[in-house]
Amino acid sequence: MVRLKNRYLLVDILYPDPSTWPSAKSASPQSTQLSIHSPTSDALTPGFLAKMVREEVGEMYGDWGVGKLGGASATGIHIKYLSPATSTAIIRCPRASFRLVWSALTYMTHVPAVDGSGAGVRRPNGGRERPCVFRVLRVSGTMRKAEEEAIRRARREIVRVRGIEEKGVLGDLLNAVDEKEQSAVSAKSVMDESEDEGMLVDDED
């Protein structure tokens, strides 16, 4: 029996254009970070994202690229996880063609936008689009590794947004090290003083 080998691409959708941010008034680092990593419209469903990837591969590589993904049905592309709230996705594709998918994601620049009523507006026929950047964060052979990387990055972003990255988390450790060093220095000075006193006593003898 032949084992089909796949690759899992952890993808982050970023919005670097300030004109598309929900609240572009505030300019604090935390608000900017949140705006770049802002949620994606619910109109971007797993099926629609897979279709966008297939169309981009077909546009870039033609029938050969579509064939490498599994033919017209393109069963090789499967969205295993998509979270519009965190703008994160995990895409499964054949191991032999994961570079085609990666390059297609690099050239994808828009996702469906949201109109005033909150409904998603799809791309064709004059529908609004939201400019974005698809960034591949990790390529792994198992989905578990991609999930672990997604969790690790999400935790890091939360710490960064809260403003306690390294300063707050490592600050306590650094303070403890400083306190240890200070106590060691004070103990050494006490020992030096006692040694000096001993030397004086010896000199007096």
Side-chain angles (χ1 to χ4, degrees), residues 3-18 20-24 26-54 56-57 69 76-112 114 130-178:
R3 179 179 170 225
L4 299 176
K5 296 185 178 179
N6 298 311
R7 284 290 178 264
Y8 296 86
L9 281 69
L10 176 62
V11 181
D12 198 9
I13 306 173
L14 305 177
Y15 301 98
D17 185 5
T20 65
W21 294 351
S23 57
S26 56
S28 66
Q30 287 84 2
S31 63
T32 302
Q33 186 76 8
L34 284 173
S35 299
I36 291 174
H37 294 272
S38 59
T40 303
S41 167
D42 290 337
L44 185 67
T45 62
F48 189 54
L49 178 58
K51 181 182 176 186
M52 287 172 61
V53 174
R54 287 196 297 266
E56 192 67 30
V57 170
L69 293 181
I77 291 287
H78 188 68
I79 311 301
K80 298 297 288 182
Y81 172 78
L82 175 63
S83 172
T86 59
S87 299
T88 306
I90 297 177
I91 302 174
R92 186 188 73 189
C93 62
R95 184 179 71 170
S97 57
F98 79 91
R99 288 184 178 86
L100 302 182
V101 177
W102 192 341
S103 60
L105 289 167
T106 303
Y107 284 96
M108 288 167 53
T109 58
H110 292 83
V111 291
V114 178
R130 186 179 182 188
C132 69
V133 173
F134 286 84
R135 181 176 63 168
V136 177
L137 302 175
R138 183 185 177 95
V139 179
S140 65
T142 62
M143 187 171 173
R144 183 173 62 86
K145 290 292 183 183
E147 289 173 342
E148 289 174 356
E149 179 69 13
I151 293 169
R152 188 182 69 80
R153 286 182 172 269
R155 285 177 177 164
R156 191 180 67 182
E157 291 299 329
I158 289 170
V159 170
R160 182 178 297 170
V161 168
R162 285 182 177 173
I164 56 173
E165 183 192 35
E166 293 185 3
K167 292 181 181 177
V169 175
L170 297 179
D172 296 335
L173 296 174
L174 295 175
N175 289 337
V177 170
D178 289 341

Enquirer: Looking at every non-hydrogen atom in both residues, tell me the closest pair between S140 and A146 and how far apart they are.
Expert: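 Looking at all heavy atoms of both residues, the shortest contact is OG-N, 3.6 Å.
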Enquirer: Could you pull out the closest heavy-atom pair between L82 and P46, with the gap in Å?
Expert: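 So the two residues come closest at CD2-N, 3.5 Å.
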Enquirer: Out of the candidates L14, I13, T109, I91, only one should pair with F134 under the side chain to side chain contact (heavy atoms under 4.5 Å, CB included) rule; please name it.
Expert: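 Per the side chain to side chain contact (heavy atoms under 4.5 Å, CB included) rule, the option paired with F134 is I13, out of L14, I13, T109, I91.
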Enquirer: Check the pair V101 / L69 against side-chain contact (heavy atoms from CB on, under 4.5 Å), numbers first and verdict last.
Expert: CA-CA 9 Å; V101 177; L69 293 181; 3.8 Å; yes
Enquirer: Would you indicate whether the side-chain heavy atoms of C93 and L9 approach each other to under 4.5 Å?
Expert: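 Side-chain contact under 4.5 Å: yes.
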Enquirer: Using every non-hydrogen atom in the two residues, find where V111 and C132 come nearest and quote the distance to one decimal.
Expert: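 Heavy-atom minimum between the residues: CG1-SG, 3.6 Å.
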Enquirer: Any chance you could measure T88, atom OG1, to D12, atom CG, to the nearest 0.5 Å?
Expert: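 Result: 5.0 Å between the selected atoms.
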Enquirer: For the residue pair S83 and Y81, what are the closest heavy atoms and their distance?
Expert: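 Scanning both residues completely, I find the closest heavy atoms to be CB-OH, 3.2 Å.
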Enquirer: Measure across F48 and P112 and return the closest heavy-atom pair with its distance rounded to 0.1 Å.
Expert: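 What the structure gives for the nearest pair is CE2-CG, 3.2 Å.
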Enquirer: Can you find a heavy atom in the side chain of M108 that is under 4.5 Å from one in the side chain of L49?
Expert: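 Yes, close enough: below the 4.5 Å cut-off.
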Enquirer: Less than 4.5 Å apart, side chain to side chain, heavy atoms only: is that true for R92 and M143?
Expert: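 Side-chain contact under 4.5 Å: no.
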Enquirer: Is the shortest side-chain heavy-atom distance between Y8 and K145 below 4.5 Å?
Expert: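 Of all side-chain heavy-atom pairs linking K145 with Y8, none is under 4.5 Å.
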Enquirer: I need the E147 CD to T142 OG1 distance, nearest 0.5 Å.
Expert: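 If I round to the nearest 0.5 Å, the distance is 8.5 Å.
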Enquirer: About how many Å separate CG of L10 and NZ of K80, when rounded to the nearest 0.5 Å?
Expert: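 If I round to the nearest 0.5 Å, the distance is 15.0 Å.
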Enquirer: For T40 and S87, does a side-chain donor sit closer than 3.5 Å to a side-chain acceptor?
Expert: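 Their side chains do contain a donor-acceptor pair, which is all the 3.5 Å distance test asks for.
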Enquirer: Taking 4.0 angstrom as the limit, do E149 and R152 come out as a salt bridge?
Expert: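 The answer is yes: the pair qualifies as a salt bridge.
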Enquirer: At what distance, to the nearest 0.5 angstrom, does CZ of R54 lie from CG of L100?
Expert: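 Atom-to-atom, R54:CZ and L100:CG are 14.5 Å apart.
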Enquirer: If you take all heavy atoms of S38 and R130, which pair is closest and at what distance?
Expert: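 Reported closest heavy-atom pair: OG-NH2, 2.8 Å.
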